[in-house]
Amino acid sequence: QVQLVESGGGLVQAGGSLRLSCAASGRTSRLFNTGWFRQAPGEERTFVAAISPSGGSTYYTDSVKGRFTISRDNAKNTVYLQMNSLKPEDTAVYYCAIQSYGGRYDDAGRYNYWGRGTQVTVSS
């Protein structure tokens, strides 16, 4: 089993920044991509960003390219999501997730372990 704990969410004004963290514990070896997803009230959970196990490959949804950066520190078993130039439409609960077997990085169904989420609210 793998446990994921997100942190770093909060309330920020438009144009501001936040850094989310996703700390993994348990059986963390032989895992695949780590992804960030978000879910706004009344909407489906959508892909935000993902990173390969080595950190050598990163992926982003178009709406966050150039504003968000995903990174990882494998010594700390932690993945980060640096969010800059935040917009009100970025408001959502942000979840991190890990794949056990690989697959499309933007497909929530291919992720096996999920955190409980952290709320990000961007005021206008």
Side-chain angles (χ1 to χ4, degrees):
Q1 288 292 329
V2 176
Q3 295 78 42
L4 301 175
V5 178
E6 303 98 334
S7 61
L11 173 65
V12 64
Q13 289 187 332
S17 299
L18 285 173
R19 188 176 83 154
L20 305 184
S21 299
C22 173
S25 60
R27 293 177 176 252
T28 57
S29 63
R30 297 184 179 179
L31 296 174
F32 289 82
N33 293 325
T34 300
W36 285 97
F37 291 77
R38 64 188 179 187
Q39 187 168 20
E43 298 185 9
E44 294 185 351
R45 192 170 299 187
T46 60
F47 169 74
V48 177
I51 189 167
S52 62
S54 67
S57 296
T58 57
Y59 314 93
Y60 300 92
T61 192
D62 286 346
S63 64
V64 307
K65 286 181 181 177
R67 300 189 298 122
F68 292 10
T69 302
I70 190 170
S71 62
R72 68 188 307 145
D73 183 339
N74 285 339
K76 296 181 179 180
N77 285 332
T78 301
V79 171
Y80 304 98
L81 185 67
Q82 177 67 44
M83 306 187 295
N84 299 328
S85 302
L86 282 161
K87 303 176 180 180
E89 51 263 44
D90 294 318
T91 295
V93 177
Y94 283 70
Y95 299 89
C96 71
I98 291 181
Q99 294 178 328
S100 294
Y101 303 105
R104 286 182 58 92
Y105 57 83
D106 59 351
D107 182 353
R110 301 307 297 250
Y111 286 79
N112 307 93
Y113 300 103
W114 291 83
R116 293 188 175 185
T118 185
Q119 176 70 47
V120 171
T121 303
V122 184
S123 63
S124 57

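Since this is a predicted model, take the numbers as computed values, not measurements. For the single chain, residues carry numbers from 1 onward in sequence order.
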*Any idea which heavy atoms bring Tyr60 and Ala49 closest together, and the distance?*
CD2-CB, 3.7 Å
*Would a distance-only check, ignoring hydrogens and angles, find a side-chain to backbone donor-acceptor pair under 3.5 Å from Asn74 to Pro53?*
yes
*Can you tell me how far OH of Tyr59 sits from CD1 of Ile51, rounded to the nearest 0.5 angstrom?*
9.5 Å
*Six-ring centre of Phe37, Arg45 cation under 6.0 angstrom, axis tolerance 45°*: no
*Side-chain heavy-atom pair Gln82, Asn84 within 4.5 angstrom cut-off*: yes
*To the nearest 0.5 Å, what is the distance between CD (Gln13) and OG (Ser124)?*
9.5 Å
*Begin from the C-alpha positions of Asp62 and Lys65 and carry the test salt bridge (Lys or Arg N to Asp or Glu O under 4.0 Å) through to its verdict.*
CA-CA 5 Å; Asp62 286 346; Lys65 286 181 181 177; 3.0 Å; yes
*Do Leu18 and Tyr95 belong together in a cluster built from hydrophobic side chains that touch within less than 4.5 Å?*
no
*Which atom pair, heavy atoms only, marks the closest approach of Val2 to Ala24?*
CG1-CB, 4.5 Å
*By side chain to side chain donor-acceptor pair (under 3.5 Å), which residues pair with Arg104, not counting sequence neighbours?*
Asp106
*Hydrophobic cluster identity match, Val12 and Val48, side-chain contacts under 4.5 Å*: yes
_Value rounded to 0.5 Å, distance of CD in Glu89 from OG in Ser63_ = 8.5 Å
*Okay, side chain of Gln1, backbone of Arg27: is any donor-acceptor separation there less than 3.5 Å?*
no
_CZ (Arg110) with more than 12 external heavy atoms under 6.0 Å_ = no
*Side chains of Met83 and Asp90: does their closest heavy-atom pair fall under 4.5 Å?*
no
*With rounding to the nearest 0.5 Å, note down the distance linking CD in Gln119 to CD in Glu6.*
12.0 Å
*Spell out, as yes or no, whether a donor-acceptor pair under 3.5 Å connects the side chain of Arg67 to the backbone of Ser85.*
yes
*Show your reasoning for whether side chain to side chain contact (heavy atoms under 4.5 Å, CB included) applies to Leu31 and Ser100.*
CA-CA 5 Å; Leu31 296 174; Ser100 294; 4.3 Å; yes
*asked:* Using the rule given for side chain to side chain contact (heavy atoms under 4.5 Å, CB included), can you reason through Leu86 versus Phe68, listing the C-alpha separation, both sets of side-chain angles and the distance that settles it, and then say yes or no?
replied: CA-CA 9 Å; Leu86 282 161; Phe68 292 10; 3.8 Å; yes
_Selection residues 17-103 - residue pairs positive for disulfide bond (SG atoms under 2.5 Å apart), sequence neighbours left out_ = Cys22-Cys96
_Spatial distance of atom CG (Leu4) from atom CD1 (Ile98) [nearest 0.5 Å]_ = 4.5 Å
*Would you please name every residue forming a side chain to side chain donor-acceptor pair (under 3.5 Å) with Tyr94, sequence neighbours left out?*
Arg38
*What heavy-atom pair brings Thr78 and Ser21 nearest, and what distance separates the two atoms?*
CG2-CB, 4.2 Å
_Side chains of Thr61 and Thr46 in contact at under 4.5 Å (non-hydrogen atoms)_ = no
*What heavy-atom pair brings Trp114 and Ala108 nearest, and what distance separates the two atoms?*
CZ2-O, 3.5 Å
*Exam field: side chain Tyr111 to backbone Asn33, donor-acceptor pair closer than 3.5 Å*: no
*asked:* Keeping Thr91 on the side-chain end and Val122 on the backbone end, is there a donor-acceptor pair under 3.5 Å?
replied: yes
_Within this structure, what is the CG-CZ distance for the pair Leu81 and Arg19, rounded to the nearest 0.5 Å?_
10.5 Å
*Testing Phe32, Phe47, Trp36 for ring-ring contact (aromatic ring centres under 6.0 Å, His included) with Tyr105, which one passes?*
Phe47
